[in-house]
Chemist: 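I'd like to ask you about the structure that follows.
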Amino acid sequence: MDSPKPGRGWLLRLVIAFSFAQGAVSMARPAVSYRALALGADARAVGVIAGVYALLPLFAAVPLGRRTDHGRCAPLLPIGVVLIVTGCALSGRAGSLLEMAVWSGVMGLGHLSFVIGAQSLVARQSAPEDQDRNFGHFTIGASLGQLIGPIAAGQVVSEHGDALARTSAAALFVSAVVAAFAVTSLWRIEHRAPAADRTRAGASDRSEGGGARSGRVPVVGILRTRGVASGIFISLAVLSATDILTAYLPVVGEQRSIAPAVIGLLLSVRAAATIACRLVMTPMIRLMGRTVLMAVSCLGAGLLCAALALPVPAWGLGILLAALGFCLGVGQPLSMTTVVQAAPDGARSTALALRLTGNRLGQVAAPASAGVLAGIAGTAAPFVMLGVLLLASAGVAIRPARRGAPPAPPARPEVPGRRTEPSAERKA
């Protein structure tokens with residue numbers, strides 16, 4: 001009886017572990033950009049290195065999701081921590097841009113492994129009515145890491161004289177140590193389902209899959225499920241905005257003579273506003289509904305991203321980033337809930353992995369496109385591109401409301417399964 005509703009201690013430990021893992025990555029990403037600049041990279045090369053961070057995970061997400069659908073979630077968490085530690089430490093020792101790109105990809109693979117395991121754990125151990133809240137609390141761990149990591153990077157990195165290469169390497173070594181602390185909160189984090197529950201879940205998978213082995217749902221079938229593709233696109237747009245902000249704000253700081261410590265503080269202001277948003281997200285959902293809230297937040301984020309292209313001073317950037325962080329706080333947790341509730345029962349981890357594949361595709365394409373645009377039209381152009389992408393995601397989010405559909409339509413794929421179950425029970 002305890003397994004379906006295991007309490008909240010596991011969620012707190014998961015948030016703590018995610019805070020360390022995300023804090024390490026958020027500290028390492030600006031440090032990677034500064035170290036690349038110290039090794040002679042231009043804005044275009046910084047964009048390529050930022051894109052390689054997502055390239056390896058792009059091919060690993062769906063296989064990891066398939067494995068998690070029919071196995072345990074917890075083993076992916078320490079594996080992810082080890083890969084993050086390795087990527088951060090060896091990026092600090094890299095002596096060329098090619099090495100920086102390779103170890104940045106290893107870091108990204110570790111982050112993906114951790115996130116797939118953690119998101120699947122939240123989906124599996126949360127009741128449907130608690131998923132919005134639990135995913136919101138889970139992503140607070142990411143926001144805490146994004147709050148502390150850039151500040152720490154800004155304090156460690158110094159660009160005085162020729163110290164940038166040395167201090168950026170030191171920041172990467174510190175981020176490796178921070179990531180290692182994530183394993184201290186991973187004990188007894190996954191609650192095993194009783195044998196009866198596993199048997200019932202296996203029978204449900206077989207009935208939904210039409211007798212397919214392990215109830216495997218085709219990827220195309222998952223993507224065609226109403227609500228999955230829109231959730232993936234919204235998540236892609238929001239994460240691309242966060243990623244390009246992290247990678248390109250140091251370049252903007254270099255051009256506008258803003259110190260690394262100030263850039264780190266500005267990135268942390270955005271993360272603090274995101275935390276504030278997620279703390280009040282439940283009453284906002286009650287007030288506006290999930291669909292309208294996602295559309296309004298993406299619309300506001302698009303306009304604010306375009307405004308970052310204006311030559312405003314550091315205090316103006318702080319105001320814009322605070323408002324932008326609040327708007328960006330909605331997309332990730334609500335897109336997780338949308339995808340989980342829309343996906344078939346036997347493919348929820350795979351659907352979350354597809355969502356992460358979309359995220360990583362955005363992290364490959366968006367920084368690379370931003371690097372090309374920055375090389376052609378200057379560093380303001382990537383922020384205009386982000387504004388257009390977020391405005392498009394607002395249109396995708398509001399489309400179900402224009403059709404008159406409910407905010408969370410997810411149960412469509414399960415209807416055939418429900419129709420066949422009673423007949424199966426009567427035969428038994």
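The chain is numbered in sequence order, starting from 1. Values in this document were obtained by computation on a predicted structure and should not be read as measured data.
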Chemist: CG of Leu236 to CG of Leu389: how many Å apart, nearest 0.5 Å?
Modeler: 6.5 Å

Chemist: Grab the two heavy atoms, one from Leu83 and one from Val106, that are nearest each other, plus how far apart they are.
Modeler: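 Looking at all heavy atoms of both residues, the shortest contact is O-CG1, 3.7 Å.
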
Chemist: Is the shortest side-chain heavy-atom distance between Phe173 and Arg93 below 4.5 Å?
Modeler: yes

Chemist: For Val384 and Ala309, which heavy atoms make the closest approach, and how far apart are they?
Modeler: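 Residues Val384 and Ala309, closest heavy atoms: CG2-CB, 3.9 Å.
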
Chemist: Which pair of heavy atoms, one from Val174 and one from Met27, lies closest together, and at what distance?
Modeler: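 Taking Val174 first and Met27 second, the nearest heavy atoms are CG1-CE, 3.6 Å.
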
Chemist: Over 60° means perpendicular and under 30° means parallel, so classify the ring planes of Tyr53 and His111, tilted if in between.
Modeler: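 The rings of His111 and Tyr53 sit tilted, inter-plane angle from 30° to 60°.
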
Chemist: Just wondering, do Val340 and Phe135 contact through their side chains at under 4.5 Å, heavy atoms?
Modeler: yes

Chemist: Could you check if a side-chain atom of Asn134 sits within less than 4.5 angstrom of a side-chain atom of Gln125, using non-hydrogen atoms only?
Modeler: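 The answer is no; the side chains never approach within 4.5 Å.
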
Chemist: Assess the residue pair Leu97 and Ile49 against the criterion (side-chain contact (heavy atoms from CB on, under 4.5 Å)); give the C-alpha distance rounded to whole Å, side-chain angles, the decisive distance to 0.1 Å, and a yes or no.
Modeler: CA-CA 8 Å; Leu97 296 180; Ile49 291 172; 4.1 Å; yes

Chemist: Phe114 versus Val81: any side-chain heavy-atom pair under 4.5 Å?
Modeler: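 In contact.
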
Chemist: May I ask you to test the His137-Pro333 pair for a side-chain heavy-atom distance under 4.5 Å?
Modeler: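 The answer is no, as the side chains (C-beta and beyond) never meet within the 4.5 Å cut-off.
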
Chemist: Measure the CG-CZ distance between Leu304 and Arg270 for me, rounded to the nearest 0.5 Å.
Modeler: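 Separation between the atoms: 12.5 Å.
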
Chemist: Side chains of Gln341 and Thr337: is there a donor and an acceptor less than 3.5 Å apart?
Modeler: no

Chemist: Less than 3.5 Å apart, any donor N or O on the side chain of Thr274 or Arg278 sitting next to an acceptor on the other?
Modeler: no

Chemist: Enumerate the side-chain hydrogen bond (donor to acceptor under 3.5 Å, both in side chains) contacts for residues 76-91, please, sequence neighbours excluded, ordered by first and then second residue.
Modeler: none

Chemist: Judged by atom type as modelled, is there a donor-acceptor pair below 3.5 Å linking the side chain of Ser120 to the main-chain atoms of Gly117?
Modeler: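 It does not hold such a pair.
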
Chemist: Would you call Leu354 and Val228 a side-chain contact if the rule is heavy atoms closer than 4.5 Å?
Modeler: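 SC-SC contact between Leu354 and Val228 ruled out.
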
Chemist: Determine whether Leu172 and Ser168 satisfy the following criterion, side-chain contact (heavy atoms from CB on, under 4.5 Å), listing intermediate values before the conclusion.
Modeler: CA-CA 6 Å; Leu172 288 165; Ser168 59; 5.6 Å; no

Chemist: Between Arg124 and Gln119, does any side-chain donor sit less than 3.5 Å from a side-chain acceptor?
Modeler: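 No.
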
Chemist: What closest approach, in Å, do Leu249 and Ile263 show between heavy atoms, and which atom pair accounts for it?
Modeler: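 It is O-CD1, 3.5 Å.
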
Chemist: Show which side-chain atoms of residues 317-324 pair as donor or acceptor with protein atoms under 3.5 Å away, not counting sequence neighbours.
Modeler:
none

Chemist: Quick check against the 3.5 Å criterion: does Ser185 have a side-chain atom that pairs as donor or acceptor with the backbone of Ala182?
Modeler: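 Not at all, since once roles are kept as given, no pair shorter than 3.5 Å links the two residues.
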
Chemist: Once rounded to the nearest 0.5 Å, what's the spacing between atom CG of Leu239 and atom CZ of Arg355?
Modeler: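 Separation between the atoms: 8.0 Å.
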
Chemist: Between Val157 and Pro30, is there a side-chain heavy-atom distance shorter than 4.5 Å?
Modeler: no

Chemist: Taking all atoms of both residues into account, what is the closest heavy-atom pair of Ala31 and Ala171, and its distance?
Modeler: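 Of all heavy-atom pairs spanning Ala31 and Ala171, the closest is CB-CB, 3.8 Å.
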
Chemist: Mind checking the CG-CZ spacing from Leu293 to Arg286? Nearest 0.5 Å is all I need.
Modeler: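 So the gap between those two atoms works out to 13.0 Å.
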
Chemist: Return the minimal non-hydrogen interatomic distance between Cys305 and Leu390, and the atom names on each side.
Modeler: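 Looking at all heavy atoms of both residues, the closest pair is SG-CD1, 3.7 Å.
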
Chemist: Kindly determine whether Val32 and Met100 satisfy side-chain contact (heavy atoms from CB on, under 4.5 Å), including the steps that lead there.
Modeler: CA-CA 7 Å; Val32 164; Met100 292 291 299; 3.7 Å; yes

Chemist: May I have the step-by-step check of side-chain contact (heavy atoms from CB on, under 4.5 Å) for Phe20 and Leu144, ending in yes or no?
Modeler: CA-CA 9 Å; Phe20 279 114; Leu144 285 171; over 6 Å; no

Chemist: Give, for atom CG of Leu391 and atom CG of Leu303, the distance between the pair rounded to the nearest 0.5 Å.
Modeler: 5.5 Å

Chemist: Within the side chain of Ser235, is there an N or O that forms a donor-acceptor pair under 3.5 Å with the backbone of Gly231?
Modeler: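 Not at all, since once roles are kept as given, no pair shorter than 3.5 Å links the two residues.
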
Chemist: Got a second to check how far Arg29's CZ is from Cys88's SG, nearest 0.5 Å?
Modeler: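 Between Arg29 CZ and Cys88 SG, I get 10.5 Å after rounding to 0.5 Å.
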
Chemist: For a 4.5 angstrom cut-off between non-hydrogen side-chain atoms, does Phe138 reach Leu14?
Modeler: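 A side-chain contact exists here, since the closest heavy-atom pair is under 4.5 Å.
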
